[in-house]
Amino acid sequence: MSVRVRFAPSPTGYLHVGGLRTALYNYLFAKRHGGVCILRIEDTDRTRLVEGAADALSHTLRWAGIEFDEGPEQGGACGPYVQSERFDLYRKYASDLLERDAAYYAFDTAEELDAMRKRMQDAGIAWRYDRTTMRNQYTLGEAETKRLLAENAPRVIRMKVPLSGEIRFDDLVRGTITVPARDVDDQILLKSDDFPTYHLANIVDDHLMGITHVIRGEEWLPSTPKHALLYDALGWERPKFAHLPLLLNPDKTKLSKRQGDVAVEDYRDKGYFKEALVNFVALLGWNPSATREIFSMQELIESFTLEKVNKAGAVFDTQKLDWMNGEYLKLKSPSALAAELQPLAKQQGIETSDEYLARVIELVRDRINKLHEALPFAEYMFKPLQGYEEEFKAKIWTPELAAPLTTLATKLQDCDFTEATLTALTKDFAKESGLKTGVVMNTLRLMITGRAVGASMVHTMEILGKEESMKRVNAALAAFV
RNA sequence: GGUCCCAUAGACUAACGGUUAGGUCACCACCCUUUCAAGGUGGCUGUACGGGUUCAAAUCCCGUUGGGAUCACCA
């Protein structure tokens with residue numbers, strides 16, 4: 001049987017990094033097995049509709065390099081792929097469940113439910129809908145139920161969970177899981193607005209879409225017994241389940257907005273490469289037993305297996321993400337990086353050619369972790385000198401340097417500004433003037449960049465060019481002496 | 001609190017009964033060096049605890065402790 005998996009987010013307005021990992025694992029699993037990966041939008045909660053959220057989700061997923069075979073945009077044989085457009089389907093299966101005595105009508109109001117909750121809480125009993133005392137088709141009787149339905153009284157459809165026994169299901173990452181049926185609630189399947197809850201919609205769609213493997217976050221583990229029961233009640237084969245370990249905050253709680261950025265868009269906007277984010281997130285909860293860390297999407301596809309998914313949650317530690325981003329920064333071609341950075345440069349009022357930008361990026365890439373940092377780091381390569389770092393100047397400059405540096409300036413004036421000649425000239429000059437190479441270089445650094453920190457000076461001068469470099473040296477000489 | 005899940009260093013992880021417990025990030029030191037990085041070398045820190053099973057346990061079993069998830073007409 002060929003593999004069919006799905007990523008089924010609810011459109012909340014952004015893509016959570018945990019969602020990115022779930023989507024990624026589904027995608028990797030599908031590609032690894034030559035299967036199909038589906039995007040399905042779970043928007044059955046009308047109270048939480050966010051305009052344009054589904055499009056944003058698709059856009060971000062595509063940015064990350066995750067492509068779906070079927071979905072709202074690409075269509076497919078099992079559409080529509082948006083749950084709110086599948087409305088009638090859920091009512092039909094809710095009716096089936098009713099006929100099979102696997103579900104029932106309930107008429108309780110919110111107040112009545114609250115009262116029951118309070119009663120149970122006071123009695124120290126675990127919360128569970130008590131179908132023997134509440135207002136539903138069992139306690140009300142057939143005639144009253146029919147009457148209420150006829151007059152369109154507010155009602156929901158609940159699933160009928162066995163009162164005793166055990167429910168068990170297999171999980172590909174955790175093995176067999178068994179829970180006492182008496183601890184499973186009579187979940188609402190169809191809300192009073194006739195929309196399904198997640199539990200109903202989810203299993204109906206997964207079945208109808210031929211989903212073979214349900215790969216989702218661990219937070220769904222507690223409700224999986226309900227899903228298993230529903231598949232059984234409808235006489236459907238259960239898909240294989242794989243519950244992924246959670247992504248965690250530094251304090252080990254479920255990764256949340258409160259403790260930092262959780263949206264993929266946040267990381268994208270902060271300048272992380274999609275390759276780095278994907279690579280990083282792939283290794284949180286899964287590891288191919290290799291002693292390497294850098295994997296392309298293709299390499300991830302080739303090595304991904306569900307068997308290697310971990311059970312324990314993983315802290316989302318951005319320190320390693322920073323390092324990984326730096327690795328990709330070193331891997332990419334300067335010209336590609338320049339093209340990527342150009343828009344931001346323009347936005348910051350920096351007008352420069354792709355070629356020059358590429359050379360500057362190559363100059364500083366080892367010293368930064370994110371591409372956009374190249375701009376502030378090497379600001380002096382794009383704009384006139386903004387001044388000199390006082391502390392650095394105080395440390396480097398002494399009046400005794402005036403004479404030799406003036407000499408050096410004249411020598412530089414007659415020198416080709418290439419790495420080789422500049423290196424030879426500065427080294428020779430250091431020797432004959434008796435100055436340490438470090439002093440010569442740092443003084444040039446002060447005069448040309450104004451900063452204490454930067455790339456190799458001869459490289460910097462070569463790229464900046466003779467004209468600009470000499471302008472700065474002479475200006476510094478005039479200002480310092 | 002009920003139910004379920006989980007447990008190798010500060011973080012991510014390798015190990016599928018036999019290894020001096022391996023790798024990566026971070027951290028520290030040294031080398032390189034023109035500052036800062038990068039790179040190289042080395043180092044620090046770990047099988048939560050207690051019982052079993054076994055010739056042999058990080059690994060299997062039980063318990064304890066700790067952590068987490070979940071318990072809506074949200075997904």
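Please read these numbers as outputs of a predicted model, since none were measured by experiment. Residue numbering restarts at 1 for every chain, and letters A, B, ... go by the order of the sequence lines.
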Inset, instruction - For B/A15, take OP1 and OP2 only and decide whether either is under 4.0 Å from a side-chain N or O of A/S289. - result: yes
Legend entry - Side-chain H-bond candidate by donor/acceptor type, A/D194 with A/Y90, under 3.5 Å: no
Inset, instruction - Please state the P separation for the pair B/C5 and B/U64 - nearest whole angstrom. - result: 15 Å
Legend entry - Proximity to the side chain of A/N287 - top-ranked nucleotide from B/A15, B/A14, B/C12: B/A14
Legend entry - For B/C30, the Watson-Crick or wobble partner whose two distances fall under 3.5 Å: B/G40
Inset, instruction - Name the pairing partner of B/U53, where a pair is Watson-Crick or G-U wobble with both distances under 3.5 Å, or state none. - result: none
Inset, instruction - Considering only atom C1', compute the distance from B/A7 to B/G50 and round it to an integer number of Å. - result: 15 Å
Inset, instruction - Begin with the C-alpha distance, continue with both residues' side-chain angles, and end with the deciding distance and a verdict on ring pair (Phe, Tyr, Trp, His ring centres under 6.0 Å) for A/F68 and A/Y81. - result: CA-CA 12 Å; A/F68 294 95; A/Y81 293 90; over 10 Å; no
Inset, instruction - For A/N310, report the nucleic acid contact type (base, sugar-phosphate, nothing); a contact means any heavy atom under 4.0 Å. - result: sugar-phosphate
Legend entry - Integer angstrom distance from the C1' of B/A26 to that of B/U13: 15 Å
Inset, instruction - Take the protein atom CG of A/D322 and the nucleotide atom P of B/C27, then report the distance between them rounded to whole Å. - result: 11 Å
Inset, instruction - Select base, sugar-phosphate, or nothing to describe what A/A201 touches, counting heavy atoms under 4.0 Å on all strands. - result: nothing
Inset, instruction - Write down the distance separating the C1' atoms in B/U8 and B/G22, rounded off to the nearest Å. - result: 12 Å
Inset, instruction - Answer with base, sugar-phosphate or nothing: what part of the nucleic acid does A/R445 contact at a heavy-atom distance below 4.0 Å? - result: base
Inset, instruction - Determine whether the aromatic ring centres of A/F316 and A/Y267 lie less than 6.0 Å apart. - result: yes
Legend entry - Between B/G18 and B/C60 - P atom distance, rounded Å: 11 Å
Inset, instruction - Look at all strands and tell whether A/A312 reaches a base, only sugar-phosphate, or nothing, counting heavy atoms closer than 4.0 Å. - result: sugar-phosphate
Inset, instruction - Would you mind classifying the nucleic acid contact of A/K395 as base, sugar-phosphate or nothing, using non-hydrogen atoms under 4.0 angstrom? - result: nothing
Inset, instruction - Grab the CD-C1' distance between A/E293 and B/A14 for me, whole Å please. - result: 11 Å
Inset, instruction - Name the orientation class of the two ring planes belonging to A/Y198 and A/H227 (parallel below 30°, tilted from 30 to 60°, perpendicular beyond 60°). - result: tilted
Legend entry - Base-contact (B) and sugar-phosphate-only (S) positions in nucleotides 65-75 of chain B, heavy-atom cut-off under 4.0 Å, - elsewhere: ---SSSSSBBB
Inset, instruction - Among B/U35, B/C5, B/A11, find the nucleotide with the atom closest to the side chain of A/R174. - result: B/C5
Legend entry - Aromatic contact, A/Y25 with A/F7 (centres under 6.0 Å): no
Legend entry - Close side-chain approach of A/S10 and A/D45, heavy atoms under 4.5 Å: no
Inset, instruction - Ignoring the backbone of A/M457, work out which of B/C12, B/A26, B/U34 is nearest its side chain. - result: B/U34
Legend entry - Watson-Crick/G-U partner (both atom distances under 3.5 Å) of B/G10: B/C25
Inset, instruction - Please state how far atom CZ in A/F241 lies from atom P in B/C4, giving the value in whole angstrom units. - result: 18 Å
Inset, instruction - Could you pull out all residues at least two apart from A/R238 that satisfy salt bridge (Lys or Arg N to Asp or Glu O under 4.0 Å)? - result: A/D232
Inset, instruction - Look at the side chain of A/K330 and decide which nucleotide, out of B/G39, B/C4, B/G23, has an atom nearest to it. - result: B/G39
Legend entry - Pairwise C1' distance, B/A9 and B/U34 [rounded to whole Å]: 37 Å
Inset, instruction - Indicate, with a heavy-atom threshold strictly under 4.0 Å, whether A/G285 touches base, sugar-phosphate, or nothing. - result: sugar-phosphate
Legend entry - Rounded distance (Å) that lies between atom C1' of B/A37 and atom CZ of A/R367: 5 Å
Inset, instruction - Just call it for A/V458: base, sugar-phosphate, or nothing, with non-hydrogen atoms closer than 4.0 Å on any strand. - result: base
Inset, instruction - Take atom C1' in B/C25 and the same atom in B/A38, then report the distance between them in whole Å. - result: 16 Å
Legend entry - A/R451 to A/F377 - nearest heavy-atom pair and separation: NH1-O, 3.2 Å
Inset, instruction - Can you tell me the pairing partner of B/A69 across any strand shown, Watson-Crick or G-U wobble, with both distances under 3.5 angstrom? - result: B/U3
Inset, instruction - Could you tell me the separation between the CG atom of A/D183 and the C1' atom of B/U3, rounded to a whole number of Å? - result: 5 Å
Legend entry - Sub-6.0 Å ring centroid separation between A/Y272 and A/F280: no
Inset, instruction - Take atom CG of A/L255 and atom C1' of B/C12, then tell me their distance rounded to the nearest Å. - result: 14 Å
Inset, instruction - Can you tell me the distance, in whole Å, between the CZ atom of A/F295 and the C1' atom of B/U13? - result: 11 Å
Legend entry - Between B/G10 (P) and A/F316 (CZ): distance, integer Å: 21 Å
Inset, instruction - Just call it for A/G438: base, sugar-phosphate, or nothing, with non-hydrogen atoms closer than 4.0 Å on any strand. - result: sugar-phosphate
Inset, instruction - With C1' as the reference atom in both, quote the distance from B/A58 to B/C16 in angstrom, rounded to an integer. - result: 12 Å
